[in-house]
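Indexing begins at 1, ligand by ligand and atom by atom, following the structure's order.
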Amino acid sequence: MKDHMPDAIPVPEVVTVPIAGSEATFPVRHVYCVGRNYAEHTKEMGGDTKEPPFFFTKPASAVVPVVPPATGEIAYPLATKSLHHELELVVAIGKAGVRVAPEDAKELIFGYAVGLDMTRRDLQGQMKDKRWPWDIGKSFAQAAPVSPIHPIAATGVLTKGSIWLDVNGTRRQQGDLSDMIWDVAHTLHFLSQYYELLPGDLVFTGTPAGVAAVVPGDRLRGGVDGVDELSIVIVPPRW
Ligand code: MN
């Protein structure tokens with residue numbers, strides 16, 4: 001037996017996100033997302049704002065790093081006629097933690113980024129109707145464009161600030177981080193009851209109201225005050 005077995009197929013690359021102000025990069029391990037975390041968006045999705053947060057995941061391979069002033073290109077995905085944007089604050093985890101108390105959660109935060117939780121809304125809706133898993137609505141190629149990560153040492157702990165998205169220059173989403181039903185500390189507290197949070201994890205923290213469909217040619221530009229901006233253009237389907 002050789003001490004190194006050859007790989008039968010190429011080893012997939014680990015997606016890395018640039019870190020603002022640093023030569024170092026942030027290798028992505030897991031991508032967790034919070035469902036319905038702003039009251040107005042919860043109402044537009046027909047939900048109850050008193051529920052505890054719930055979670056879903058995307059594959060790390062769905063992350064597409066986009067560094068301003070560049071515009072990222074996202075191919076319109078397979079099998080949908082309703083690709084929705086959800087502009088979100090993303091928390092990058094730098095330390096391991098499980099069953100984290102809300103008051104200790106900030107110790108786990110490496111930094112923040114701006115992300116888009118792209119969603120095949122029609123497929124998500126079909127799955128909800130059948131009480132089947134949402135995966136095909138949320139997990140697909142290029143489903144998670146992300147800006148560079150800004151270390152918490154530079155940003156401080158974020159609890160308020162405008163969060164917004166324009167499509168073709170028209171404001172579509174507008175909210176404030178202080179509108180979150182569950183703030184970042186409580187989100188990490190709840191999430192860490194189910195998973196050991198690990199360095200490299202990204203947590204999408206939910207989107208304000210105004211989600212809607214985009215089509216090839218649409219240009220999306222969003223941001224979170226105190227973090228960064230993220231711009232993408234939807235390009236025609238690859239398949
Ligand atoms: Mn979302």
Side-chain angles (χ1 to χ4, degrees), residues 17 28 30-49 51-64 66 72 74 77 80 82-93 112-128 133-147 158 161-167 172-184 186-188 190-191 194-195 197 201-214 218 220-224 227-230 232 234:
V17 179
V28 179
H30 300 112
V31 178
Y32 299 107
C33 306
V34 187
R36 297 180 189 164
N37 201 25
Y38 290 77
E40 291 305 313
H41 173 62
T42 302
K43 286 180 203 158
E44 77 182 352
M45 297 302 291
D48 180 342
T49 59
E51 293 277 337
F54 65 92
F55 303 98
F56 58 91
T57 64
K58 292 176 186 266
S61 60
V63 171
V64 180
V66 180
I74 302 299
T80 184
S82 184
L83 176 66
H84 272 210
H85 53 73
E86 298 189 0
L87 195 286
E88 310 198 2
L89 173 71
V90 177
V91 177
I93 301 296
Y112 302 97
V114 179
L116 275 161
D117 167 14
M118 299 304 291
T119 301
R120 297 192 284 203
R121 192 71 76 201
D122 45 354
L123 300 186
Q124 182 195 27
Q126 291 164 22
M127 296 300 105
K128 278 188 199 173
W134 283 14
D135 296 47
I136 63 168
K138 291 291 193 178
S139 300
F140 53 91
Q142 302 187 304
V146 173
S147 79
L158 294 179
S162 181
I163 176 169
W164 54 274
L165 176 77
D166 293 347
V167 178
R172 283 265 189 93
Q173 293 192 264
Q174 177 71 66
D176 194 282
L177 298 181
S178 61
D179 298 334
M180 285 185 185
I181 296 170
W182 299 105
D183 63 14
V184 168
H186 283 84
T187 295
L188 299 182
F190 281 109
L191 182 58
Y194 301 101
Y195 301 100
L197 297 178
D201 291 352
L202 296 179
V203 183
F204 281 63
T205 59
T207 198
V211 299
V214 289
D218 282 346
L220 287 63
R221 177 170 163 257
V224 177
V227 185
D228 209 336
E229 291 191 4
L230 171 64
I232 65 166
I234 309 297

- request: Determine the interplanar angle of the Phe54 and Trp134 rings, folded into 0 to 90°, and report it as parallel if under 30°, tilted if 30 to 60°, perpendicular if over 60°.
  value: perpendicular
Contacts of Phe190 that satisfy ring pair (Phe, Tyr, Trp, His ring centres under 6.0 Å) - sequence neighbours left out: Trp182
query: Going by heavy atoms in the side chains, are Phe56 and Val31 under 4.5 Å from each other?
result: no
query: Where do Phe140 and Leu83 come nearest, in terms of heavy atoms and distance?
result: CZ-CD1, 4.0 Å
- request: For the pair Asp122 (side chain) and Thr80 (backbone), establish whether a donor and an acceptor sit closer than 3.5 Å, ignoring hydrogens and angles.
  value: no
Near the Mn ion (ligand 1) (cut-off under 2.8 Å), count of protein N, O or S atoms: 3
- request: Kindly indicate whether the side chain of Val203, heavy atoms from C-beta on, has any atom under 4.5 Å from the side chain of Phe55.
  value: no
